[in-house]
Amino acid sequence: MCLHNIRMSQVVVQPISITDANTVYISKIRFSESVMQAEVVGHPSIMSLSATDVYIMDCDIDGSHYNEVAISVGKVKQLFLERNHIYKTCGPVIGISNELGADKIFISGNYMHDNMELPKYQWDCTWFTFPGMSKEIIIANNTFVFSSGYFQEFFARSSTSAIERLVNVNNIFVRHNEQNHGIFILSSVHSLISGSNIYNKETVLYSMADNTSPVYFAGNNQGNLAYIQAQGYEAGTAQITDGSAILMDDRPCLTAELAAIHKSVAEYVREFDYKYQTNDRDNTSIGCDNYYSVEFDETADTTDGYDGINRYSNEVFSSAA
């Protein structure tokens, strides 16, 4: 199932609902100016998807007036969420579920801001919920801006989520309020790769409900960046708490001064940034919008042949094969 380059507005029910698909590919959806009517469809989402493999890319989603989860993804084994602009959701941004566990969740290059404005269930101020078991979750090269007025707001919270490998790199987490806040509130993490992130507030970074988790920080150390770095995590990460500007006024990009200092881990930099401009992996600023990216010059492209990944088998193929 493929949905591409569609503008949706003045929708009063559930605009996208797909069940029991093998692969769902959604790109360049523009969704805005719609009002949820729960009496028409119970617990409506902007996207309600049930599929093995889900790709949501380059979409612009204004979640105003949808105060339940904006994107609901069930039975998923692989989810790719890339270069999306998701903002003003009244409720949670995305809920991901699979009773059998997910193989891979990849969240990269997204700009998400001003969400959780009016959640229907006020205790559920959580942007992301993950399945009970996940083999790998990669969150890289994103810009997240928190501004909910509720007394608590969490990026990812699920006390039953056990993750084999969690990657948290090259992200910007900016909070514009003083509410109770946390980044990863999970059950357990077996392996953590983290670094080159920016936080503008002192907050809980990693909290595991299971104290036998291989990655575990107790008490106040859950938000103690210096302690976490001393354990070998969050290398190159900064907490900028002096109130100075982190992002440019007109784009989700680091200021010139910060971009010159805070560079991304090259291994996780994608070919294109949020603007679909070309990245130089060795000179990419942190976040979704690379200060140093340049427009793609098709006339200078000397690429010969092709390569790709078979997402069913995760095998690499190319024109040379």
Side-chain angles (χ1 to χ4, degrees), residues 107-116 125-128 137-157 163 166-186 189 192-208 213 215-249 251-269 274 284-292:
I107 302 168
S108 178
N110 301 283
Y111 177 35
M112 302 184 186
H113 62 93
D114 303 310
N115 294 305
M116 298 301 306
C125 290
T126 303
W127 284 35
F128 285 82
I137 296 178
I138 298 175
I139 301 173
N141 317 304
N142 302 282
T143 300
F144 304 112
V145 179
F146 304 86
S147 61
S148 176
Y150 284 86
F151 71 98
Q152 59 182 4
E153 183 179 18
F154 302 96
F155 174 69
R157 181 179 63 162
I163 302 170
L166 173 63
V167 178
N168 173 33
V169 297
N170 305 344
N171 298 300
I172 300 172
F173 297 88
V174 173
R175 180 156 57 104
H176 288 324
N177 57 38
E178 298 299 329
Q179 317 302 345
N180 183 29
H181 186 64
I183 305 300
F184 293 100
I185 316 297
L186 306 167
V189 172
L192 172 64
I193 297 173
S194 62
S196 292
N197 297 305
I198 290 180
Y199 307 96
N200 79 323
K201 302 280 186 179
E202 294 182 3
T203 188
V204 172
L205 301 179
Y206 303 99
S207 175
M208 310 304 165
S213 169
V215 178
Y216 183 80
F217 307 105
N220 293 334
N221 288 331
Q222 296 172 352
N224 186 333
L225 180 60
Y227 177 85
I228 292 171
Q229 289 177 323
Q231 310 310 305
Y233 306 106
E234 292 288 354
T237 289
Q239 270 185 344
I240 303 173
T241 59
D242 60 2
S244 59
I246 291 177
L247 301 177
M248 298 174 67
D249 291 336
R251 50 190 281 206
C253 176
L254 288 179
T255 63
E257 294 78 9
L258 293 178
I261 300 170
H262 300 285
K263 298 299 176 66
S264 294
V265 178
E267 178 184 353
Y268 294 95
V269 173
Y274 167 77
T284 297
S285 61
I286 294 172
C288 69
D289 187 348
N290 177 16
Y291 184 85
Y292 301 101

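Please read all numbers here as calculations on a predicted model, not as lab measurements.
Put simply, CD on E153 and OG on S147 are 6.5 Å apart, with the number rounded to the nearest 0.5 Å. To the nearest 0.5 Å, atoms NE2 (H113) and OG1 (T143) are separated by 10.5 Å. The structure places CG of D289 at 4.0 Å from CZ of R251, a figure rounded to the nearest 0.5 Å. Residue F154 holds its CZ atom at 11.0 Å from OG of S148, rounded to the nearest 0.5 Å.
Put simply, the side chain of I107 does not reach to within 4.5 Å of the side chain of I138, judged on heavy atoms. With contacts defined as side-chain heavy-atom distances shorter than 4.5 Å, the pair T284/K263 does not qualify. By the 4.5 Å heavy-atom criterion applied to side chains, I183 and V204 are not counted as neighbours. A heavy-atom distance below 4.5 Å is not found between the side chains of N115 and V145. Residues L254 and I246 are in side-chain contact: their nearest non-hydrogen atoms beyond the backbone lie under 4.5 Å apart. Within the 4.5 Å cutoff, side-chain heavy atoms of F144 are placed close to those of I139. For the pair M112 and N142, the minimum side-chain heavy-atom distance is 4.5 Å or more. Between L186 and L166 the shortest side-chain heavy-atom distance falls below 4.5 Å.
Listed for the S194 side chain is a donor-acceptor partner under 3.5 Å among the backbone atoms of E234. A donor-acceptor pair is defined here as one N or O able to donate and one able to accept, closer than 3.5 Å; no such pair exists between the side chain of T126 and the backbone of F128. When atom types are taken as modelled, the side chain of N168 and the backbone of A140 share no donor-acceptor pair closer than 3.5 angstrom. A distance-only check finds a donor-acceptor pair linking the side chain of N197 to the backbone of N170 [under 3.5 Å]. S196 places no side-chain N or O within donor-acceptor distance of the main-chain N or O of V169, the cut-off being under 3.5 Å. In this structure, T241 contributes its side chain and N200 its backbone to no donor-acceptor pair below 3.5 Å. Distance alone, capped at 3.5 Å, places no donor-acceptor pair between the Q231 side chain and the A226 backbone.
Enclosure of atom CZ in F217 by more than 12 non-hydrogen atoms of other residues, nucleotides or ligands within 6.0 angstrom is indicated. Within a 6.0 Å radius of CG in D242, more than 12 heavy atoms belonging to other residues, nucleotides or ligands are found.
Pairing each heavy atom of Q152 with each of R157, the nearest pair is NE2-NH1, 4.0 Å. Residues Y292 and S285 come closest through the heavy atom pair CD1-N, 4.2 Å.
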Could you walk me through whether I198 and N171 pass the side-chain contact (heavy atoms from CB on, under 4.5 Å) test, one step at a time?
-> CA-CA 6 Å; I198 290 180; N171 298 300; over 6 Å; no
Steps toward side-chain contact (heavy atoms from CB on, under 4.5 Å) verdict (H176, V174) = CA-CA 7 Å; H176 288 324; V174 173; 3.5 Å; yes
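Defined by atom type and a distance below 3.5 Å, a donor-acceptor pair is missing between the side-chain atoms of N141 and Y274. Under the 3.5 Å distance criterion, with hydrogens and angles disregarded, no donor-acceptor pair is assigned to the side chains of Q222 and Y227.
With C288 as the partner, the side-chain contact (heavy atoms from CB on, under 4.5 Å) test is satisfied by one option alone out of P252, S108, C253: P252. Considering V215, L192, N221 in turn, L192 is the only one that fulfils the side-chain contact (heavy atoms from CB on, under 4.5 Å) rule with Y206.
A centroid separation of less than 6.0 Å is found between the aromatic rings of F146 and H181.
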